[in-house]
Amino acid sequence: MRGPRARCESSGEEVSVRGVFTKTPADATALGSAVPAAPTIALASVPGGVPIPHAVGVSDDEFRAALSRLAAGVVLITAHDPDDGPRGEDVGMTATAFLSVSLDPPLVMVSVRNDSRMDDLLELQPLWAVSVLSGHQRQTAGRFAMKGRISDRLLFEDIPHVRGEASGAPLIGGALATLECRTEQRVEAGDHTLVIGRVLATSVPNEDDGPLMYFRGKYRQLG
């Protein structure tokens with residue numbers, strides 16, 4: 001059955017729209033009724049669902065090599081899954097594709113891989129947090145970038161953190177800054193989903209350290 005459609009303002013073409021549901025902030029720690037959220041718009045496919053191929057001559061390796069020359073800051077995305085076990089479970093993901101989107105209203109965006117644990121959780125849980133990692137938190141970044149792990153429970157046990165009042169998500173101790181967010185929109189883009197969140201609260205607990213960077217496949221410090 002064909003799903004609902006939306007028209008792209010720039011091209012005039014119709015694209016498919018997949019509705020998602022989120023829990024309200026009041027239900028973030030308990031089971032409750034689902035409420036409609038902003039639609040997920042599939043921008044990475046032409047009408048009919050046919051994927052848009054790579055540009056002619058650009059391979060996956062060439063694409064990665066070119067983008068590896070773009071230095072990026074490193075953040076840890078965290079969220080609390082209230083439905084995983086009797087007390088719920090915290091989930092974390094290292095990310096470099098994170099940026100500021102808007103000042104008014106205050107919006108940020110992170111790119112998450114489709115069908116990853118974080119992607120699945122953020123489809124249901126609208127509240128999440130960002131910890132901007134310092135240059136001395138390379139080990140933290142590496143731990144939460146490991147593939148194939150079943151649970152993040154032990155990872156969080158070894159890392160100092162507090163629970164954000166606005167998001168209920170872990171905020172990492174020693175981070176340069178933390179932001180607590182609520183999802184405003186999800187946009188499918190190829191094999192990733194862009195999650196745009198409104199910033200609900202911020203803190204700047206560490207002003208003396210430099211940032212952790214990612215450049216040419218390695219974590220690095222400035223200077």
Side-chain angles (χ1 to χ4, degrees), residues 22-32 72-101 103 105-112 116-146 149-184 195-214 219 221-222:
T22 65
K23 295 175 183 176
T24 63
D27 292 330
T29 57
L31 292 175
V74 184
V75 303
L76 185 66
I77 306 297
T78 55
H80 183 72
D81 184 354
D83 298 329
D84 193 340
R87 294 182 298 175
E89 183 168 341
D90 296 322
V91 178
M93 180 195 79
T94 301
T96 56
F98 172 79
L99 53 85
S100 168
V101 174
L103 180 62
L107 300 175
V108 294
M109 183 191 76
V110 64
S111 177
V112 298
S116 64
R117 188 179 183 194
M118 184 62 74
D119 179 43
D120 292 342
L121 176 56
L122 293 186
E123 269 197 306
L124 302 173
Q125 168 62 281
L127 299 173
W128 45 283
V130 183
S131 296
V132 181
L133 300 183
S134 74
H136 294 97
Q137 293 179 308
R138 180 179 310 198
Q139 186 177 17
T140 298
R143 285 183 174 187
F144 285 92
M146 292 186 301
R149 63 187 190 275
I150 299 175
S151 171
D152 290 344
R153 190 184 305 275
L154 294 179
L155 298 183
F156 280 110
E157 286 182 357
D158 293 338
I159 297 174
H161 65 276
V162 297
R163 196 162 299 282
E165 294 183 3
S167 65
L171 307 177
I172 305 304
L176 298 181
T178 63
L179 303 91
E180 297 183 74
C181 309
R182 182 185 66 236
T183 299
E184 296 274 305
V195 182
I196 300 172
R198 180 185 291 260
V199 178
L200 305 176
T202 65
S203 67
V204 186
N206 183 354
E207 298 183 1
D208 299 327
D209 207 348
L212 181 64
M213 306 294 294
Y214 192 72
Y219 295 115
Q221 293 179 252
L222 289 180

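These values consider heavy atoms only, across backbone and side chains, with no hydrogens, waters or symmetry-generated copies.
- In this structure, R198 and C181 have side chains that are not in contact, with every pair of non-hydrogen atoms separated by 4.5 Å or more.
- In this structure, CD1 in I77 is found 8.5 Å from CG in L122, a value given to the nearest 0.5 Å.
- Inter-residue side-chain proximity for L176 and P211 is flagged as met; some heavy-atom pair is nearer than 4.5 Å.
- T178 is not listed as a side-chain neighbour of I172, based on a closest heavy-atom distance of 4.5 Å or more.
- For residues 152-180, the ring-ring contact (aromatic ring centres under 6.0 Å, His included) pairs, not counting sequence neighbours, are F144-F156, F156-H161.
- At least one donor-acceptor pair closer than 3.5 Å links the side chain of T78 to the backbone N or O of P170.
- The ring pair (Phe, Tyr, Trp, His ring centres under 6.0 Å) check on Y214 picks up Y219, with sequence neighbours excluded.
- Side chains of V101 and V108 form no contact here, defined as non-hydrogen atoms less than 4.5 Å apart.
- Every residue two or more places apart in sequence or in another chain that forms a side chain to side chain donor-acceptor pair (under 3.5 Å) with D152 is listed here: R149.
- The side chain to side chain donor-acceptor pair (under 3.5 Å) search around S100 returns none, not counting sequence neighbours.
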request  = Go through the steps to decide whether E180 and L127 satisfy the test side-chain contact (heavy atoms from CB on, under 4.5 Å), and finish with yes or no.
outcome  = CA-CA 8 Å; E180 297 183 74; L127 299 173; over 6 Å; no
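- Considering only residues two or more places apart in sequence or on other chains, T140 meets the side chain to side chain donor-acceptor pair (under 3.5 Å) condition with none of them.
- A distance of 8.0 Å separates CD in Q221 from OG in S134, rounded to the nearest 0.5 Å.
- A distance of 10.5 Å separates CD in E123 from OG1 in T183, rounded to the nearest 0.5 Å.
- Going from atom OG1 of T94 over to atom CZ of R143 covers 11.0 Å, rounded to the nearest 0.5 Å.
- With sequence neighbours left out, L121 forms a side chain to side chain contact (heavy atoms under 4.5 Å, CB included) with A79, D81, V91, Q125.
- Q137 places a side-chain N or O within 3.5 Å of a backbone atom of G173 that can act as its donor or acceptor partner.
- In plain terms, the two heavy atoms of M109 and I196 that are nearest each other are CG-CG1, 3.9 Å.
- With values rounded to the nearest 0.5 angstrom, L171 atom CG is found 9.5 Å from L179 atom CG.
- Between atom CE of residue M213 and atom CG of residue L133 there is a gap of 12.0 Å, rounded to the nearest 0.5 Å.
- Considering only heavy atoms from C-beta on, V110 comes within 4.5 Å of M93 through its side chain.
- Contact between L76 and G92 at its shortest, heavy atoms only, is CD1-C, 4.4 Å.
- Minimum heavy-atom separation, D209 to G135: OD2-N, 4.1 Å.
- Of all the heavy atoms in A175 and P205, the pair that sits closest is O-CG, 3.4 Å.
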